[in-house]
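Below is one structure, written out as structure tokens; the observations come after it.
Because the structure is a prediction, the values reported are computed rather than measured. Below, chain A is the first sequence line, B the second, and so on; all start at residue 1.
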Amino acid sequence: MYAKSGAIRINGTPVPPPDDPRVSLLDLLRETLGLHGTKKGCNQGGCGACTVLVDDERIVSCLALAVQYTGRDVVTIDALAGEDGLHPLQQAFIEHDGFQCGYCTPGQICSAIGMAGELERGVPSHVTSDLSAKRIELTDDELRERMSGNLCRCGAHNGIVSAIAQTHRAGQLSPRSSTKARRAAR
Amino acid sequence: MKPFTYARAGDVAEALRAGAAPGAKYIGGGTNLVDLMRETIEQPTALVDVTGLSSDIKRLRGGGLLIGAAVRNTELATHREVRTQSPVLSRAVVAGASGQIRNMATVGGNMLQRTRCAYFYDAGGSRCNKRNPGQGCDAIEGFNRTHAILGASSACVATHPSDMCVALAALDAVVHLDGPGGARKVPLTELHRLPGDHPEVETVLDRSELITAVELPPLPWARRSTYRKVRDRASYAFALVSVAAALDVRGGEVRNVRIALGGVAHKPWRAHEAETALIGGPATTRAFRAAAEAELMAAKPLHDNGFKIELATRTITAVLSELAGGTR
Ligand SMILES: Cc1cc2nc3c(=O)[nH]c(=O)nc-3n(C[C@H](O)[C@H](O)[C@H](O)COP(=O)(O)OP(=O)(O)OC[C@H]3O[C@@H](n4cnc5c(N)ncnc54)[C@H](O)[C@@H]3O)c2cc1C
Ligand code: FES
Ligand code: FES
């Protein structure tokens with residue numbers, strides 16, 4: 001049994017866990033590290049604005065206690081762009097008008113990348129009709145259902161959906177292509 | 001600042017030792033507990049992280065599965081055998097919360113998540129017998145559209161919010177516990193309590209008892225099973241009513257059936273009345289409707305939730321008809 005050990009890797013940099021175990025990963029990012037890309041909407045798991053990737057899986061950082069994430073690899077919106085420019089999904093959000101105020105956007109983008117990884121791993125969704133299928137197509141229904149944990153109060157959903165669909169079709173959405181973009185950034 | 005500690009348990013013995021300390025509480029994904037701590041509804045002084053305990057799904061000899069308490073909801077829904085042998089469970093899990101939350105939530109935490117009753121959550125302004133035993137319940141005379149119609153009491157009309165548990169109730173799942181008094185097993189249908197005079201006592205667990213796993217006994221015909229959730233919007237909302245069912249039909253006759261309801265009671269509601277009415281009888285829409293009505297006979301509507309009686313009746317009928325249709 002140990003109180004807390006090791007660091008949390010955040011965008012490639014080891015960060016010691018907070019002294020107070022009640023600090024959320026979201027507050028660690030924003031308040032302690034000054035990484036303001038990740039947004040706080042509801043602070044209760046309901047809006048998805050605080051979505052980040054942990055070992056390539058999407059989570060809501062507002063309900064995550066930072067101490068629970070030592071030894072893990074956290075990636076936020078702040079680290080998605082590489083030296084060669086924006087992540088393909090970021091670019092697609094601009095091209096498809098995937099935002100107005102932009103507050104939900106970092107969460108939408110991280111969530112979509114995590115979502116693509118789930119699709120590759122065969123994770124079913126509420127609208128998946130055949131649970132025994134080996135491959136699940138990202139239909140419009142699948143995309144909307146899988147992204148339903150991310151709300152947009154500006155109502156930019158149509159642009160969001162088309163940006164994600166296009167990036168996915170181009171094979172540039174999965175955590176693997178995102179990792180490549182990150183590596184290039186280092 | 002009040003002293004507060006966090007420790008990660010490496011095994012069950014460590015978890016139990018730390019969990020026995022006064023003020024200690026286990027934490028899984030934290031998706032319910034962290035929220036309730038922020039609302040001051042839960043006030044632990046020590047957290048014991050149990051996400052490092054068993055996160056395996058093992059096949060049991062003689063059939064069935066043993067699902068570790070630390071298995072994440074996403075992994076449970078994705079597991080090949082769960083998807084193909086017990087689709088109702090996979091479907092129930094993905095009907096709940098969001099992709100992000102399912103990646104965090106554990107099986108153990110899902111079972112012990114607390115009600116979403118708005119009066120329970122309103123620690124500053126409302127009376128609630130769960131939060132403050134004996135205080136009274138503002139939901140009974142309040143806005144109670146989402147509240148219970150079965151098994152409620154004059155002390156509490158809250159519902160249990162879990163989708164996963166409704167499927168587990170239908171599948172005869174057995175919860176494995178460990179505690180200071182030793183290990184024991186409890187059927188999922190007996191894990192949660194009805195509110196009675198003590199709605200603050202929500203389960204049969206002792207204070208520091210730990211859920212170590214949940215067992216799915218072999219139920220080969222549950223391959224024909226499904227989950228239907230009716231809610232206010234198409235996704236990302238708690239159930240108004242949900243139905244988990246498995247059906248075995250041969251030659252137009254119901255050989256066996258399991259039905260459980262969500263969103264209607266303080267616990268996942270196993271529909272024994274309906275099951276008894278159906279077994280050995282014809283697999284017709286009419287029989288399904290009659291059985292559903294038999295189950296809902298005991299329903300007691302509140303001011304705003306009378307619609308749930310007809311909604312549950314129709315949803316049971318529709319789900320059984322869907323499952324029966326698939327046998328032809
Ligand atoms: C916005 C939102 C929407 C949601 N929508 C749905 C929905 O539609 N359907 C649904 O079913 N759920 C829904 N949920 C609830 C979600 O499913 C639960 O919060 C989650 O399953 C809890 O799991 P956890 O591991 O995070 O539990 P935690 O929050 O870590 O713990 C919950 C409780 O379980 C106890 N505990 C945890 N593990 C153990 C163990 N092994 N032994 C003993 N005690 C233990 C903890 O002490 C705590 O009391 C929603 C949640 C949010 C935030
Ligand atoms: S801020 Fe985390 S989900 Fe809304
Ligand atoms: S762009 Fe404003 S909330 Fe989505």
Checklist entry - Does a salt bridge link B:R228 with B:E322, judged by any charged N lying under 4.0 Å from a carboxylate O? => result yes
Of A:T128, A:L63, A:V54, the largest count of non-hydrogen pairs under 4.5 angstrom with chain B goes to A:L63
Bottom line for B:T5: the part with an atom under 4.5 Å from chain A's heavy atoms is backbone
Residue from B:I27, B:N32, B:L33, B:D11 scoring the most non-hydrogen pairs under 4.5 Å with chain A is B:I27
Rounded to the nearest 0.5 angstrom, the CZ-OG1 distance for B:R131 and B:T40 is 8.0 Å
For B:D49 and A:Q68 the tightest heavy-atom approach is OD2-NE2, 3.0 Å
For A:T76 and A:D78, what are the C-alpha separation, side-chain angles and deciding distance, and is it a side-chain hydrogen bond (donor to acceptor under 3.5 Å, both in side chains)?
CA-CA 5 Å; A:T76 71; A:D78 311 87; 2.6 Å; yes
The interface call for A:E145 against chain B, heavy-atom contacts under 4.5 Å, is both
All heavy atoms of B:S208 vs all of B:L16, minimum pair found to be O-CD2, 3.8 Å
Greatest number of non-hydrogen atom pairs under 4.5 angstrom with chain B, of A:E118, A:M147, A:R144, falls to A:E118
query: Is B:R231 salt-bridged to B:D163, going by a charged N under 4.0 Å from an acidic O?
result: no
So, the part of B:R80 with a heavy atom under 4.5 Å from chain A: the answer is side chain
Okay, A:S132 and chain B: the region with an atom under 4.5 Å from a heavy atom over there is both
Cut-off 4.5 Å, heavy atoms of chain A, and the answer for B:A97 is neither
All heavy atoms of B:T226 vs all of B:V88, minimum pair found to be O-CG2, 3.1 Å
Under 4.5 Å to a heavy atom of chain B? For A:R121 that would be both
